[in-house]
Amino acid sequence: MKILVLGAGKMGSFFIDLLSFDHEVAVYERDPKRMRFTYNCQRFTDLEDVTAFRPELVINAVTLKYTIPVFEQVLPYLPEECIISDIASVKTGLKEYYEQTGRRYVSTHPMFGPTFANLNQLSEENAIIISEGDYMGRIFFKDLYQKLGLNIYEYTFDEHDRTVAYSLSIPFVSTFVFAAVMKHQDAPGTTFKRHMRIAKGVLNEDDYLLQEILFNPYTHDQVSQIRTELKELLEIIDHKDADGMKGYLSKIRDNVRRDIEIKK
């Protein structure tokens with residue numbers, strides 16, 4: 001299959017490497033310097049090259065802020081039968097955009113990134129395939145993600161954003177709070193160092209991505225739960241309530257235990 005990847009960033013380069021040995025792959029990237037370490041693919045900086053390449057599938061891997069604008073740029077240069085796709089972390093507005101283009105489309109979300117994931121061992125990572133869209137496009141990504149050993153889930157666009165509001169906004173906000181109150185430690189403990197590594201990784205993400213995840217329509221209710229839990233914990237601390245603390249720890253351990261049992 002002829003596949004065009006839009007963007008030679010971290011995830012774009014990952015897909016280029018992943019696909020280039022089994023498919024004819026090209027990458028479109030306006031900044032030539034970002035393509036220095038891309039191999040086994042054609043490298044385009046001019047959209048006229050896309051016309052000559054005639055891709056059968058386009059994977060839009062640019063920063064979330066530019067997902068739709070880059071689609072707008074490249075669509076006039078694509079064959080009518082070409083399937084367009086994205087791997088965006090937030091799908092808000094994409095369903096409506098795809099439908100107004102009148103093109104075949106598929107939308108997925110690899111729930112991992114180069115910041116934390118071991119890209120050579122992805123068996124503990126997840127991917128979401130949006131159940132709406134082109135059937136053959138969904139089959140392509142399902143086969144691809146299965147070969148990587150990913151755990152695959154199918155959600156609608158709306159279900160995806162609800163899931164992301166829970167799985168990303170809660171850890172992101174918790175990390176923001178840690179980073180906001182932390183102070184330099186000359187002799188940090190193990191737990192502090194682990195939280196610091198997570199904070200550095202999250203804060204290395206694109207600002208617009210972080211903003212869009214937190215501005216997800218479903219994020220507010222999830223963050224409100226953090227506020228409720230902090231209020232309860234602060235009251236226990238203020239009253240030095242040993243029984244209350246014991247009950248609270250029991251509650252959160254049960255939460256973690258249930259999660260582990262479900263995964264098994």
Side-chain angles (χ1 to χ4, degrees), residues 64 88-92 109-118 121-128 149-264:
L64 181 62
S89 302
V90 179
K91 305 298 185 183
T92 306
H109 181 190
M111 297 283 286
F112 60 87
T115 301
F116 295 117
N118 177 357
Q121 177 55 264
L122 294 172
S123 60
E124 295 185 0
E125 304 294 343
N126 303 315
I128 294 174
L150 293 168
N151 302 297
I152 302 170
Y153 301 88
E154 290 199 24
Y155 296 143
T156 64
F157 280 103
D158 185 66
E159 288 169 340
H160 169 273
D161 280 0
R162 289 179 185 271
T163 298
V164 166
Y166 171 75
S167 64
L168 293 184
S169 64
I170 287 180
F172 278 16
V173 168
S174 300
T175 299
F176 291 171
V177 172
F178 167 79
V181 302
M182 62 152 285
K183 296 179 181 179
H184 173 71
Q185 300 290 315
D186 290 325
T190 302
T191 302
F192 184 93
K193 288 190 288 186
R194 287 177 178 173
H195 279 289
M196 178 59 81
R197 283 197 295 271
I198 292 172
K200 288 179 178 177
V202 169
L203 294 172
N204 277 333
E205 296 286 0
D206 177 73
D207 285 1
Y208 190 82
L209 169 64
L210 298 175
Q211 171 185 299
E212 286 302 294
I213 288 171
L214 294 184
F215 289 176
N216 179 327
Y218 302 109
T219 292
H220 176 271
D221 290 346
Q222 299 296 338
V223 176
S224 292
Q225 291 184 47
I226 296 177
R227 183 172 56 190
T228 300
E229 292 298 321
L230 284 174
K231 181 180 179 181
E232 179 181 349
L233 186 57
L234 190 59
E235 288 177 354
I236 292 171
I237 293 170
D238 286 345
H239 292 92
K240 295 182 172 56
D241 182 356
D243 290 337
M245 179 60 75
K246 183 177 180 179
Y248 191 82
L249 293 174
S250 178
K251 179 183 76 171
I252 61 177
R253 284 182 176 128
D254 285 343
N255 269 355
V256 173
R257 191 178 299 113
R258 278 195 297 271
D259 183 70
I260 294 171
E261 289 172 352
I262 290 171
K263 287 180 179 179
K264 288 180 179 179

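Excluded from the calculations below are hydrogen atoms, water molecules and symmetry mates; all remaining heavy atoms, backbone and side chain alike, are included. Please read these numbers as outputs of a predicted model, since none were measured by experiment.
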Novice: Could you tell me whether Tyr166 atom OH has more than 12 heavy atoms of other residues or ligands within 6.0 Å of it?
Specialist: no
Novice: Side chains of Phe176 and Val202, heavy atoms from C-beta outward: is any pair under 4.5 Å?
Specialist: yes
Novice: Listing request: all side-chain hydrogen bond (donor to acceptor under 3.5 Å, both in side chains) pairs with a residue in residues 177-190, at least two apart in sequence or in separate chains.
Specialist: His184-Asp186
Novice: Could you work out, with side-chain hydrogen bond (donor to acceptor under 3.5 Å, both in side chains) as the rule, every residue matching Asp254, not counting sequence neighbours?
Specialist: Arg257
Novice: Among residues at least two apart in sequence or on other chains, which ones pass side-chain hydrogen bond (donor to acceptor under 3.5 Å, both in side chains) with Asn151?
Specialist: Asn126
Novice: Check ring pair (Phe, Tyr, Trp, His ring centres under 6.0 Å) between Phe192 and all other residues, then give those that pass, not counting sequence neighbours.
Specialist: Phe178
Novice: So, using side chain to side chain contact (heavy atoms under 4.5 Å, CB included) as the criterion, who are the partners of Gln225 when residues are at least two apart?
Specialist: Gln222
Novice: Using every non-hydrogen atom in the two residues, find where Thr163 and Tyr155 come nearest and quote the distance to one decimal.
Specialist: OG1-CE1, 3.5 Å
Novice: With sequence neighbours excluded, what pairs up with Glu159 under the salt bridge (Lys or Arg N to Asp or Glu O under 4.0 Å) test?
Specialist: none
Novice: What heavy-atom pair brings Ile237 and Met245 nearest, and what distance separates the two atoms?
Specialist: CG1-CE, 4.5 Å
Novice: Working to the nearest 0.5 Å, report the span between OG1 of Thr175 and NZ of Lys200.
Specialist: 13.5 Å
Novice: For the atom pair CD1 (Ile226) and CD1 (Ile170), what is the distance rounded to the nearest 0.5 Å?
Specialist: 5.5 Å
